[in-house]
Amino acid sequence: MSEIPKAYEPQAVEEKWYQFWLDQKCFVANPASPKPAYSIVIPPPNVTGMLHMGHVLNNTIQDILARKARMDGKEVLWLPGTDHAGIATQAVVEKALRKQGVMKHRDDLGREKFLEHVWAWKEKHGGIIIQQLKKLGCSCDWTRERFTMDPDYSRCVQKVFVELYKKGLIYRGKRMVNWDPAARTALSDEEVEMTETKGHLWHLKYPMLDDAGQPIPDQFVIVATTRPETMLGDEAVAVNPKDERYTKLVGTKVLLPLQNKHIPIIADDFVDPKFGTGCVKVTPAHDPNDYAMATRHSLPLTVVIGPDGKMTGEAGGGFAGLDRAEARKVVVEHLEKLGLLLKFEDYVHNVGHSQRSHVPIEPYLSEQWFLKYPSVEAATACVVGSARGPRADSGGPPESSSDQSSLEERASGGPPAAAAGPAALPPMRFHPERWSKTYAHWMTNLRDWCISRQLWWGHRIPVWHKRLTVPNRPENHSKVWWFSETERALDEYRNNVVVRIVHTASGRIVGPFKTKEGMDNNLELNEEMDAGKPEHEFDVFVCTVDEPAVKYLVEEEGFTQDPDVLDTWFSSWLWPFATMGWPEQTPTLRKFYPTTDLVTGPDIIFFWVARMIMAGYEFMGDLPFRNVYFTGIIRDKLGRKMSKSLGNSPDPLELIAKYGADALRFGTMRSAPLGQDVLFDEKDVELGRNFCNKLWNACRFRQMQGGEVQGEINSALLTSDDKWMLLRLDAAIREISTAFAEYRFNEATQALYRVFWSEFCDWYLEAAKAPMQSGTSAQKANTLAVLDFVLSHMLRLFHPFLPHITEELWHGMGYSADMPEKQGGKTIMFAPWPKPLDQDFRDHYGLNDRALAIAEAKQELVIQGRNLRREKNIPANKRVKFILKPADPVAPHDQAVLQLLLNADVFDVDPYFQGPKGMPSVHVKLGELFLPLEGLIDAAAERARLTKELEKANAETAKVEQKLNNPSFVQKVPPAVLEEHQKRRAEWQAKRELIQKALAALGS
RNA sequence: GCGCGCUUAGCUCAGCGGUAGAGCAUCAGUAUCACACACUGGGGGUCACAGGUUCAAAUCCUGUAGCGCGCACCA
């Protein structure tokens, strides 16, 4: 530090060192390193996203872990990247293109053109968040940055799809799915948020019909509904078969109003007779339960709401084209006019909303692709039952991670680690542990995952399709022969294609027909397929990533690729290994998989974490990470979620510009308790800034004392303050290291704050000024040596939290000079993490309880003395005289320190001092401290002060005595506690006596 | 409905069986030669409520209330 500004200026410093780290390749992970591995994969942010406070919290934690691991001597890989975020990105680009007038709907452009625009958008905006992470100081290995749509990554996604398809875990089916009419795509169950919504319960009257199909006057069935617009698609009214009120009606028909359609009354157990009227309208195409009933009763499906959320032609002339919300009003109006609306009442119920576009979800019957989750058992067992405790083996022992054969065994699908036996600990830990319950609950109630999305931006499903029509004459196999012909042709690619032939009408898988013996031309059309139609349609699906096969299918056979893309999470669930070069057994995979820690939010525990665990076991044969740390959610200081519309989400980059990245990191970490939401306040960052400034100035103070870095500490010259400080440092090292092991980051920051500010700056530095000002040169040098020792340790303790300023000071103070090149010489990043002071060190330097006691007694005296000054209204800058009547001899150093800290011009130590009547005094462990006041002594004021003190002493004495007078307390309490209470009683009693004496001396 | 978490100083939180703590805020004072992004001193809490266990409960158990979250869901 050639030039030392009075206040720390972070901007230039941060930029300088970040560039230095990049230039020196400090973040690059070496798979060939002999060091034990430590790895994290970043939760990939949305490629077009911007840094927000959630990212700051999340990535600061990861950076802290990575930097700590480097100092622990680990070979660290923090693997960064971005996610293509299908729906979000497509929506953003569509909006932008509409705004620019490029298109009205993406159909105007067509798939290819539209995707060109998305890629262009990605190129333009895709790097922003990465640059922002660099501003935060993130030590990611940027040479390995990945994107979920990279060609290599896409190949992984496709390979995984093919494998799961081959296993029969991926299938296509016509199902009632969660449809987002705004994004016009299917969603998974997880993407639906149930939100309490105020609505109405409408009671509709459906006229009953006689045998001739004529309405019976004044006879109605009453159905209740929250969605009257769906009545246009009703196909039945259902009652419970045991409901005696309605049994005689079952089998009769009612008139569906507005549609003038006759629909049956059916009996189904689903209906709860106690709810409403006990009659349920059945809308097979627009309600999952109704769909199930319709299947049981072979009811037709009438689709009245289209994929765009507007009423279809089937809804009838007056309604077609209306938005579903509008249609609701119009239907109700019509029914009311017809006198068929009995009543309606307010009704609060839960309605599923799209997590993406926030519109109400529409149950929608459509062909979708589903995944039956793989490796569920292993994925469940590896976490469930995880006990409270420290992190799971964070070491990643070098012998196992560099052992190729064992990895290959695991990768080839050997028994997962979780099956190692009942006594084995779960190999994965959640922190905080309670999230494992949420995880376990979800894992045991898995429903198949709808993985297809009706979007263009994403990984396109690698399935090619063709529909064939086969005449219904079993002896005519001419068309059936096609299967064999095609399959024979595809035989050339047999390792690379999976063929599946589905009977269109029934959805039944009937092929492939190729058998081991050869072609099975004798296609068996069973009765179900024979029934009904003169011809049969078959869907032929070929799943492949083989380019020649695709070429053949498309060019020779007229196949077309499935238009859907995959759910974004279907690519991100492969993130931990797809980013490391899988399916090749790369050195990176061998060294760094499984990863050590994952840091993410509990809101994506199902979306991402659980699925990654399953994918890890399925494709790597091993868990993807050993520890998962769940952060809280960042809220504003009023506890509200941060959102753009509220405008309560500060821009982290502005905060960095204003306070520095280190300040933002420290402030955020300090206010982030384990497992709870973070109430963020800019004040926290200000505090971080102040902290950095304090650190800067403490070093500046040391710098101004001059002299070289003092390496050698002379134990003979150590003062009680030196020893105290070394012990406090030792305590902090232990505390912070433990906090790290348990992921208690805010505890670590609190300890750092305390040891540096309250202990080092407030006490040690101030006390050290005594020898610096008046000590011998040897004493002065020794003090500097202790200062350097403590500061060089503290800089290292701070480094994971405050990477930039610690690097600047590490070099500026010259602490790097003595270190080996690779262990702190070049950068503090690789300086060894401080170890607790061992017993030899303590013995050699005389760090014992006695030194501690003296220093603490001095602090007590100083506080009491200052208090006395204040009570007597002596200005802080006025130097006064103090006299100590000591209980034990006082060392000259201690006397000098007391004089300095009390701002005394004279500090006498006089064992025989007799304070004149009424001289203010306090009683402390070191003795009796007198404050001789010039001029008049205000006896009344002194009496009042002493009386107050006496009251306090009386109260404390009484409190302890009450306990000690309890016979069962004395009898049952552990000896140490008893002793402690007795000691406390004696101290308070002694103090009380001294105060009483002083009061008596004042006279009356 | 089921499950989870929280309730301690004005605010944010720590403490999780043996003298109620921190930071911020507040009040009073201080330009003292590391730092006013600072220093010094002070005030402030019957630890949500009610029972129970214990010599001893903020801390353990049971229940209640309030707040928050997740899952499920009958029109």
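The sequence lines fix the lettering, A, B, ..., with proteins before strands; numbering per chain opens at 1.
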Pairing partner of B/U32, by Watson-Crick or G-U wobble and under 3.5 Å for both distances, is none

Compare side-chain N and O positions of A/R434 against OP1 and OP2 of B/G5 and report whether any pair is under 4.0 Å apart. no

Rounded distance in Å between the C1' positions of B/C55 and B/G68: 39 Å

Item to complete: Tell me whether the OP1 or OP2 atom of B/A31 has a side-chain N or O from A/N877 closer than 4.0 Å.
Response: yes

Re B/G5: Watson-Crick or G-U wobble partner, both distances kept under 3.5 Å, found to be B/C67

**Request:** Could you give the distance separating B/G43 and B/A28 at their C1' atoms, to the nearest angstrom?
**Result:** 10 Å

For the C1' atoms, the ones on B/C69 and on B/G52, what distance do you get once it is rounded to whole angstrom? 30 Å

Self-check item: Phosphate OP1/OP2 of B/A75: any A/Y347 side-chain N/O under 4.0 Å
Solution: yes

P gap between B/G51 and B/U59, integer Å: 14 Å

For this session: Can you check whether any acceptor in the base of B/C73 is under 3.5 Å from a donor in the side chain of A/N350, or vice versa?
Result: yes

### Message
With a 4.0 Å cutoff (strictly under), does any side-chain N or O of A/N746 reach OP1 or OP2 of B/C13?
### Response
no

Short side-chain N/O contact to B/C35 OP1/OP2 from A/K694, under 4.0 Å:
no

- Got a donor-acceptor pair under 3.5 Å from the side chain of A/Q705 to the base of B/A34? no

Between A/E961 and the options A/R985, A/Q989, A/H981, the side chain to side chain donor-acceptor pair (under 3.5 Å) test singles out A/Q989

By the Watson-Crick or G-U definition, both distances under 3.5 Å, B/G45 is matched with none

Exercise. Looking only at side-chain N and O atoms, does A/R744 come under 4.0 Å of OP1 or OP2 in B/G15?
Worked result: yes

Practice task
Name the nucleic acid region contacted by A/V271, choosing base, sugar-phosphate or nothing; use a 4.0 angstrom heavy-atom cut-off, strictly under.
Solution key: base

Under a 3.5 Å limit on both distances, the Watson-Crick or wobble mate of B/G17 is none

- Counting only side-chain N and O atoms of A/W757, is one of them less than 4.0 Å from OP1 or OP2 of B/C39? yes

>> Is A/N690 close enough to B/C35 that one of its side-chain N or O atoms is under 4.0 Å from OP1 or OP2 there?
In response: no

With a 4.0 Å cut-off on N to O distance, would you call A/R296 and A/D268 a salt bridge? yes

Exercise. Taking only N and O in the side chain of A/K274, is any of them less than 4.0 Å away from OP1 or OP2 of B/A75?
Worked result: no

Checklist entry - A/D762 near the nucleic acid: base, sugar-phosphate alone, or nothing, with a heavy-atom cut-off under 4.0 Å? => result sugar-phosphate

Self-check item: B/A9 and B/U26, which share atom name C1', separated by this distance in whole Å
Solution: 11 Å

Only one of A/W435, A/F430, A/F740, A/F745 passes ring-ring contact (aromatic ring centres under 6.0 Å, His included) with A/Y629, and that residue is A/F745

